[in-house]
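Quick note: numbers below take in every heavy atom, side chains included, and nothing from hydrogens, waters or symmetry partners. Below, chains carry the letters A, B, ... as their sequence lines are ordered, and counting in each starts from 1. Keep in mind that this is a model prediction, so the values were computed, not measured.
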Amino acid sequence: MTTATSTPPPKVGVETFAQAVSNWQKSEGRHHLPWQNTRDPYRIWLSEIMLQQTQVGTVIDYYHRFLKRFPTLADLARASQADVLAYWAGLGYYARARNLHRCAQTVMEQWGGKFPETPEQIATLPGIGRSTAAAIAAFSFGGRAPILDGNVKRVFTRFFGVFGYTGTKAVETELWSIAQAILDHGPRDLDMISYTQGLMDLGATRCTRTKPDCTHCPLTTSCYANLNNAQKALPSARPRKLVPQRECHMLILLHNDNVLLEKRPQTGIWGGLWCLPQFNEFDALENACVNWGVKPSAQSKMATLQHTFTHFKLQITPWWLTVKRIPLAEPNNDYCWQPLNLLADTGLPAPVQKILHGVRQSLLSNNKA
DNA sequence: AAGGCGTGGCC
DNA sequence: TGGCCAAGCCT
């Protein structure tokens, strides 16, 4: 029983910070996520990439599916980019998948199939920056280098009272210094696995964005935000700008139960993914239709949908047309006729998947009627 | 050095 | 409801 005579919890400073987090993780942290309890750099790397800007709950299913299809780094390196993207479709930030694939091939060709072990070496690989490299090094090899992801930024800005938007160079630099200083002043025998995981667990389960659970935080007695009731003010909010509204038209061209898909360029939105042919202006869509011997009308116009990206909003107007026969054309890697019942195996952006799902449902119910 | 890059969950 | 954010990296 705690009484007035018991000693208060010790203050946590830069010297004791790391040990406090490590100890807390061992007793109160998460220990059963699918990518824990392994030292396999392939699995750890895959999880770290999937978890970039993506929540744990979203990643878990993708992670299992991906590993089942690509059990080893060598399997991934051998696969086609289309296959990899198909298993990434819906997860977003598709450059991650393209880089993941390139990275697998780099490790096979330049590192003899063995994942490099130091944070510096790991950070030279495509799609792996300083923080992800440190996490992979810590979890796979016990490497001692600091991470700085969204969780850690939230914990550090609150604990140390760092004001200013974390997206600016100045604040980012300051937070990296803190992250490094904690390791420099920490014990030589610090367990880097539990410390690194502990920082993430603290941010995910205690030091959350809204309603942080300060009463169950191991750092609460020394936390700037807790002592100053500044949890809501930290981390400082991002200065928001108006996001532009754009519109486009998408062509749903059906031939029997096949739909025309177009491969998007490697760079830009939805890079490398299959997509419905997209046009900024209706006139351009109408012109494209001439080549297929069809003409869009009010009948073919479908309900518009609104899709929101980080930096703009896109209003999509789909046009549904049916062609009787396909004109002969040169074989082309940039478009294909895809059977509607195979869409799940194709890498498609979320709104396109949604549109075509509706098309398929509509066809199925018509056939029944 | 700031902005591009997806999607889903949360309140 | 819409605005904000989540295990960042690249250019």
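The gap from the P atom of C:dT11 to that of B:dG6 amounts to 14 Å, rounded to the nearest Å. B:dG3 and C:dC4 are spaced 15 Å apart, taking the P atom of each and rounding to whole Å. Atom P of C:dA7 sits at a distance of 15 Å from the matching atom of B:dC11, rounded to the whole Å. Taking the C1' atoms as reference points, C:dC9 lies 14 Å from B:dA1, given to the whole Å.
Of the two residues contacting DNA chain B, namely A:K169 and A:T308, the nearest-nucleotide position lying further toward the 5' end is that of A:K169.
The two residues A:T317 and A:M302 make their nearest non-hydrogen contact at CG2-O, 4.4 Å. When all heavy atoms of A:A135 and A:I147 are compared, the closest pair comes out as N-CG2, 3.6 Å. The two atoms that bring A:L202 and A:P218 nearest to each other are CD1-CD, 3.6 Å, heavy atoms only.
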Reading 5' to 3' through nucleotides 5-11 of chain C, protein heavy-atom contacts under 4.0 Å coded B for base, S for sugar-phosphate only, - for none: SBBBSS-
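Within 6.0 Å of CD on A:Q299 lie no more than 12 heavy atoms contributed by other residues, nucleotides or ligands. Within 6.0 Å of atom CD in A:E281, 12 or fewer heavy atoms from other residues, nucleotides or ligands are found, so the atom counts as exposed in its surroundings.
Among the heavy atoms of the strands, none lies under 4.0 Å from A:A135. At the heavy-atom level, A:K211 lies nowhere under 4.0 Å from the strands shown. Within 4.0 Å (heavy atoms only), A:G90 reaches sugar-phosphate atoms of the nucleic acid but no base atom.
You can see that DNA chain B meets the heavy atoms of chain A within a 4.0 Å-exclusive cut from B:dA1 to B:dG9, reading 5' to 3'.
For the 3.5 Å distance criterion, the side chains of A:T220 and A:N226 qualify, holding a donor opposite an acceptor. Using modelled atom types and a 3.5 Å distance limit, the side chains of A:T118 and A:Q121 yield a donor-acceptor pair.
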Full working for ring-ring contact (aromatic ring centres under 6.0 Å, His included) between A:Y42 and A:F70: CA-CA 10 Å; A:Y42 172 59; A:F70 310 105; 8.7 Å; no
Name each donor-acceptor pair under 3.5 Å that joins a side chain in residues 256-265 of chain A to protein atoms two or more places apart or in another chain, with its distance.
from	atom 1	to	atom 2	distance (Å)
A:R264	NE	A:I269	O	3.0
A:R264	NH1	A:Q278	OE1	2.8
A:R264	NH2	A:I269	O	3.4

